[in-house]
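Contents: one structure, followed by commentary.
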Number of protein chains: 2
Amino acid sequence: MNATAAHPHEQSSRDKILDAAEGLFARRGYAAVGLRELAEVVGLGKSSLFHHFESKPQLYAAVSARILKRIDGCVERSLAAGGSAVQRLERLVEDLIDLLAAQPADARLLLRSLFEDDDLPGETPEEIESKGTLANIMSSISAVLREGMDAGQFRTVHVPHLLLTLIGQVVFPFASREFGADILGKDPFEPGEVKRRKRELRDLLRHGLLAPLGR
Amino acid sequence: MNATAAHPHEQSSRDKILDAAEGLFARRGYAAVGLRELAEVVGLGKSSLFHHFESKPQLYAAVSARILKRIDGCVERSLAAGGSAVQRLERLVEDLIDLLAAQPADARLLLRSLFEDDDLPGETPEEIESKGTLANIMSSISAVLREGMDAGQFRTVHVPHLLLTLIGQVVFPFASREFGADILGKDPFEPGEVKRRKRELRDLLRHGLLAPLGR
DNA sequence: GTCTATAGGGAGATAGAC
DNA sequence: GTCTATCTCCCTATAGAC
């Protein structure tokens, strides 16, 4: 995977920086994280960071791009696995939840990147690539929704609004470890809670909230 | 409403600061907003801010507390208006959407405050009050959900998980003006889109996503 | 590829005149 | 209640030795 790594088990400095930055940016946001602190976490001098990334914005763009690619990969694999539109959508939601649960920084950073566009200076190549990746994710999910509607498996809904709804209900609960834990009384990333979350969300999409008898 | 205002139509400096800070903090986050910039927007010198608020964290706490009170007031009024649990929940969701649509900064700042707890130093009196307000909001919504379940109007669901789901799907779409506009092709705060959002969300809660024929 | 040293600027906050 | 001037600290980024 990494052409420069003779020993795949040893993580390069670049990857160590990316991992540490991901955690810090996710928890506290771009502006609140200083390179001094990041360097401390990684175990390097502050200046050494600039040998791997040319600037702080560029580092953030790299972190953000890596997460978007991870999510895009998950979406593509999940939707490619076949089945009816209903099966594919339900599997997609489950797989995304598993991904977000396995990578605690992803949901926070994804959510941030969706409403912190003002944060970053501008138009590095990595940011442009990320825009494309994000657009690809959205269009893939839209496609399965439209497919299900066309096949008569889904109600007739407004696809863009449903897209926003799905993002909110899938991503948000994993974006806030502390608040989520307050509400649930348990760590949302704990396997049992993850499983329950998948079940509850699947049932809500299948049946809505109203009781069958009340219909 | 303001005891010190002889002329209610003239906004005090304190309120001007709160309004400007609310907009800036919502768009860019706590750490990214400098007091110099805030002072410029308000039209004051930087030092004058410290005559109205003792520190930046305390100012942020005041802004955050004001928003939480606004939302809490909306929740209490909406739930107090009576009707069945179904009617009260549906009205609550509609009223919250109207509030978030009317106050574009609220959704962003609320969402931030739900997953940026690490942002702020600690335990000012205003933050403790805010914690109580937030807890009150959550317990009020939980109450109507449990009531509907007990009355057999709602399916048997896991209330805390549904709470997280509702927050995500109600708040998130209004937290990101730019991304939301990209997805919808229109400004999410436009009256027509707000109306459609309320309808789509109500229908999703009533029926889920699956087509009636497919059941 | 990592380090020390430092430049250059902006941050939050204070002092004190008006 | 607002201002100017200033303090101290930390920020991103660079220079250059090893």
Side-chain angles (χ1 to χ4, degrees), chain A residues 2-8 10-22 24-25 27-64 116 118-124 126-127, chain B residues 2-8 10-22 24-25 27-64 116 118-124 126-127:
Chain A
N2 189 338
T4 65
H7 306 281
E10 289 171 22
Q11 211 181 14
S12 69
S13 278
R14 193 173 193 277
D15 287 341
K16 278 188 207 162
I17 295 170
L18 279 173
D19 288 345
E22 185 172 310
L24 288 172
F25 285 143
R27 270 195 292 280
R28 304 221 305 282
Y30 175 75
V33 175
L35 297 184
R36 177 192 178 174
E37 180 189 8
L38 172 60
E40 253 172 42
V41 172
V42 179
L44 286 178
K46 201 176 39 164
S47 306
S48 303
L49 302 179
F50 289 93
H51 274 268
H52 300 279
F53 301 93
E54 28 177 85
S55 69
K56 191 188 176 188
Q58 198 259 332
L59 167 61
Y60 184 83
V63 170
S64 180
E116 285 194 358
D118 313 294
D119 241 23
L120 287 165
E123 302 293 315
T124 75
E126 250 137 338
E127 284 184 72
Chain B
N2 190 336
T4 65
H7 306 281
E10 289 170 23
Q11 212 181 14
S12 70
S13 278
R14 194 172 192 279
D15 287 340
K16 278 188 207 164
I17 295 170
L18 280 173
D19 288 344
E22 186 173 310
L24 288 172
F25 284 142
R27 270 195 290 281
R28 306 222 303 284
Y30 174 76
V33 175
L35 296 185
R36 177 192 178 173
E37 180 189 8
L38 172 60
E40 255 173 39
V41 171
V42 179
L44 286 177
K46 196 176 46 162
S47 306
S48 304
L49 301 179
F50 290 92
H51 275 267
H52 300 279
F53 301 93
E54 27 178 85
S55 69
K56 190 189 177 187
Q58 198 259 333
L59 167 61
Y60 184 82
V63 169
S64 179
E116 286 196 355
D118 312 293
D119 243 22
L120 287 166
E123 302 293 317
T124 75
E126 250 137 338
E127 283 184 74

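Chain letters run A, B, ... following the sequence lines, proteins first and then strands; every chain starts at 1.
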Practice task
Would you mind reading off the distance between B/Glu10 atom CD and D/dG1 atom P, rounded to a whole angstrom?
Solution key: 14 Å
Completion exercise
One would report the end-axis bend of the helix from C/dG1-D/dC18 to C/dC18-D/dG1, five pairs per end and rounded to 10 degrees, as 0°
Practice task
Using whole Å, report how far CG of B/Leu49 lies from C1' of D/dC3.
Solution key: 12 Å
Practice task
Check the distance between C/dG1's C1' and A/Lys16's NZ and give it to me in whole angstrom.
Solution key: 12 Å
Practice task
Nearest whole angstrom, please: distance from the P of C/dA13 to the CG of B/Leu38.
Solution key: 12 Å
Handout entry: Stepwise side chain to side chain contact (heavy atoms under 4.5 Å, CB included) test for A/Ile17 and A/Leu59
Key = CA-CA 9 Å; A/Ile17 295 170; A/Leu59 167 61; 4.0 Å; yes
Fill in the blank from the handout: salt bridge (charged side-chain N to carboxylate O under 4.0 Å, His left out) filter on A/Glu126, not counting sequence neighbours, yields none
Handout entry: Nucleic acid footprint by protein, nucleotides 5-18 of chain D - heavy-atom cut-off 4.0 Å, B for base, S for sugar-phosphate alone
Key = B-----SBBBB---
Fill in the blank from the handout: Separation of C/dC3 atom P from A/Glu40 atom CD, nearest Å, is 12 Å
Practice task
Examine distances only and state if a side-chain atom of B/Lys46 and a backbone atom of B/Gly34 form a donor-acceptor pair shorter than 3.5 Å.
Solution key: no
Problem - Phosphate-side-chain proximity, B/Ser48 and D/dG1, N/O vs OP1/OP2 below 4.0 Å - result: no
Completion exercise
Rounded to whole Å, CZ of A/Arg14 lies from P of C/dG1 at a distance of 11 Å
Problem - Any residue meeting side chain to side chain contact (heavy atoms under 4.5 Å, CB included) with B/Arg14, in chain and number order, not counting sequence neighbours - result: B/Ser12, B/Leu18, B/His52, B/Phe53
Residues 35-42 of chain A side chain polar contacts: donor-acceptor under 3.5 Å, at least two apart:
unit_1, atom_1, unit_2, atom_2, d
A/Glu37, OE1, A/Arg28, NH2, 2.5
A/Glu37, OE2, A/Arg28, NH1, 3.1
A/Glu37, OE2, A/Arg28, NH2, 3.0

Practice task
Under the side chain to side chain contact (heavy atoms under 4.5 Å, CB included) rule, collect the residues that match up with A/Ser48, sequence neighbours excluded.
Solution key: A/Leu44
